[in-house]
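One structure is given below, encoded as structure tokens.
Each chain gets a letter, A, B and so on, in the order its sequence line appears, and its residues count up from 1. As the structure is a computational prediction, the values presented were derived from the model and not from experiment.
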Amino acid sequence: MAQEPVVVRIAPSPTGDPHVGTAYTALFNMALRRKQGGRFILRIDDTDRTRYQADSEAAIQHELRWLGIEWDEGPDVGGDAGPYRQSERTDLYRAAVEELIAKGAAYRCDCTKERLEEMRAEQRKRKQQPRYDGHCREREVSPDATHVVRLKVPLAGETTWTDELRGAITIQNATVDDQVLLKSDGYPTYHLATVVDDHKMGVTHILRAEEWINSTPKHVLLYEAFGWPLPKFVHLPLLRNSDKSKISKRKNPTSITWYRENGFLPEALRNFLSLMGFSFGDDREEFTLEEFVEAFSLGAIKTGGPVFDQQKLEWLNGVYIRKLGLDELIEHVREHSAAAAAADPALLRRILPLVQERMNRFTEFDELCDFFFVDRVQPPHDDLLPKKRSDTNTAAVLRQARLLVRDLPSLDEETLEQKLRDLAEEVEWKARELFMALRVAVTGKKVTPPLIESMCVLGRETCIERIDAAIDVLGSPENPILGTSDTSA
RNA sequence: GGCCCCAUCGUCUAGCGGUCAGGACGUAGCCCUCUCAAGGCUAAGACCGGGGUUCGAGUCCCCGUGGGGUCACCA
């Protein structure tokens, strides 16, 4: 188990919201780096100026950090191999391209967009693979004219490399297009930039998504043309929608920001992502980042594409929420609920233990606890009535309960519960019937945190007011018939 | 469609030639219980198909089939 230090990297594009796929790849890269030592680089692939979004880079960094992903080198932390934005490395790419042209491995091409489109349309019509026809391969295109630079892919032969997870992969060169390396705007394409940077930055292991397998021959050809040693290639499985297609925001939330804002804990998302394609080899599913790193190895990664199951993520998030200490819990809930943020911290300390095990996401707090924060609740008439109990009977019992609450020396949980149970017995109601009627009266809902505890948190005055209001909903009977069920005859 | 990758319960997975094919999410039932949860117990639920190799294949090989990815001056 010789553990050579590695140099790994992720190269997200600042073209939109930070993607869970980026986090997934980053997680495995970081795990390998931490396990074996070395460097983990964050490189910003901002070579597509048309899709570039100015605030995206900061968002990516922010969300990755939120998830617990840390890099050794990057645009924000510096490092010896910088700059770490590809837009700041264009001289390197231009020089590289000149080298390739000089070596005959690349050529200038001034074909217009229109010509290319026409050509492809024609090829499609003839049921051929749409690909560059080599028009400029042997032409002399002036460096001064508007042009791109293409890779001169051998017309015959094949390119083979070893994927660390999948073994040898061979692709016929004839199926590889003459890839554009340098765009007419002077920026490199991914293929050129990634090869140049990975080499210059000393990258030893390229852990990236499976969707890159088919363009790997281009990269291998470039390494060969430059005379550079090949890094190890590790193509990770692709995260999937529930229909097995590549995960996409149309079918699944893919923005890390979304998960943060919708009440997920970074540890839970991180743990969940680790489970995609990796396992300890036993039944362990809940584990810390440190445990993951310790157990991690490339050999433990599965190659089948895992479906991103929201339900399991929510369950796991609930597991993590339940493990939180009260102070942490308060902090998180305040971030996700305006009501909680505005509430007295002392009040929150009493409410949260009642709902901690009832939330799978922090955003569920409001739905669960709204009745603590409003002036009055609106108990639906029908919900107030236990099965087969009349309006009059129920109102009468609630009146009794009201008196009981009013006259209790102190409103503590044990006494309140005992007295209410006594009352139920006295009026010949099941305790559960009384509790439900009171629950609806006091909270307006049939599903709530535990009643007795909730009442004690609400306080005597509020409980009395709400019971009164509930009695009003039922109408005020003149002659309450106590202790009977008047529909039972 | 060409090329490439992949293939155990619905989903995430364990399994690395001999197992009653194990666990988790979800689903159903029961227990607990003031509702809902949480927790406990139980149940249903998978080796894609066909050939080989082998005393013996979920495990190895081949061929199908299925799914996915990719075929841009996007990454």
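Picking from B/rA38, B/rG10, B/rC5 the nucleotide with the shortest atom distance to the side chain of A/R322 gives B/rA38. Which of B/rC74, B/rG26, B/rG68 sits closest to the side chain of A/R240 comes down to B/rG68. Side chain of A/L451, nearest nucleotide from B/rA24, B/rU35, B/rC34: B/rC34. In the set B/rU11, B/rC4, B/rA75, the nucleotide with an atom closest to the side chain of A/I171 is B/rC4. For A/M276, the side-chain atoms get nearest to B/rC12 when compared with the rest of B/rA75, B/rU8, B/rC12. The side chain of A/N214 lies closest to B/rC3 when the candidates are B/rC3, B/rA7, B/rG68. Checking B/rU8, B/rG10, B/rG23 against every side-chain atom of A/E285, the shortest atom distance belongs to B/rG23. Nearest nucleotide to the side chain of A/S279, out of B/rG69, B/rC34, B/rA14: B/rA14. The nucleotide whose nearest atom lies closest to any side-chain atom of A/R166 is, among B/rC73, B/rC6, B/rA72, B/rC6. The side chain of A/W212 approaches B/rA75 more closely than any other nucleotide in the set B/rC25, B/rA75, B/rC34.
For A/E453 against B/rC34, a side-chain N or O and a base N or O form a donor-acceptor pair under 3.5 Å.
Note: A/F233 and A/H235 have parallel aromatic rings, judged against thresholds of 30 and 60 degrees for the angle between ring planes. Between A/F264 and A/Y259, the two ring planes are perpendicular [angle over 60°; tilted spans 30° to 60°].
Pairing of B/rC4, defined by two Watson-Crick or G-U wobble distances under 3.5 Å, is identified with B/rG68. Across all strands shown, B/rU27 forms a Watson-Crick or G-U wobble pair with B/rA43, both key distances being under 3.5 Å. Pairing partner, B/rC16: none, since no Watson-Crick or wobble contact has both distances short of 3.5 Å.
Summary of the strand contacts: A/D309 and A/L165 both lie near RNA chain B, and taking for each the nucleotide with the nearest heavy atom, the more 5' one is attributed to A/L165. Taking the nucleotide of RNA chain B with the nearest heavy atom to each of A/S215 and A/E417, the more 5' of the two is matched to A/E417.
Applying the 4.0 Å criterion to OP1 and OP2 of B/rA75, one finds that A/R51 has every side-chain N and O outside that range. Side-chain nitrogen and oxygen atoms of A/K445 include none within less than 4.0 Å of the OP1 or OP2 phosphate oxygen of B/rC36.
Spacing of C1' atoms, B/rC41 relative to B/rA21, comes out at 22 Å, to the nearest Å. Nucleotides B/rU13 and B/rC9 have their P atoms positioned 11 Å apart, rounded to a whole Å. B/rG66 and B/rG49 have their P atoms separated by 15 Å, with the value rounded to a whole Å. A distance of about 32 Å separates the P atoms of B/rU19 and B/rG26, rounded to the whole Å. The gap from the C1' atom of B/rC6 to that of B/rA43 amounts to 32 Å, rounded to the nearest Å.
A cation-pi geometry, defined here as NZ or CZ lying under 6.0 Å from the six-membered ring centre and within 45° of its normal, holds between A/R150 and A/Y132.
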Would A/S242 and A/D309 count as a side chain to side chain contact (heavy atoms under 4.5 Å, CB included) here? Give the steps.
CA-CA 7 Å; A/S242 53; A/D309 182 357; over 6 Å; no

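Residue A/V307 is classed as a sugar-phosphate contact, given heavy-atom separations below 4.0 Å to backbone atoms only.
If you check the side chains of A/D45 and A/Y190, you find no donor sitting under 3.5 Å from an acceptor.
The main-chain N or O of A/I10 is never found under 3.5 Å from a side-chain atom of A/N29 such that the two would form a donor-acceptor pair.
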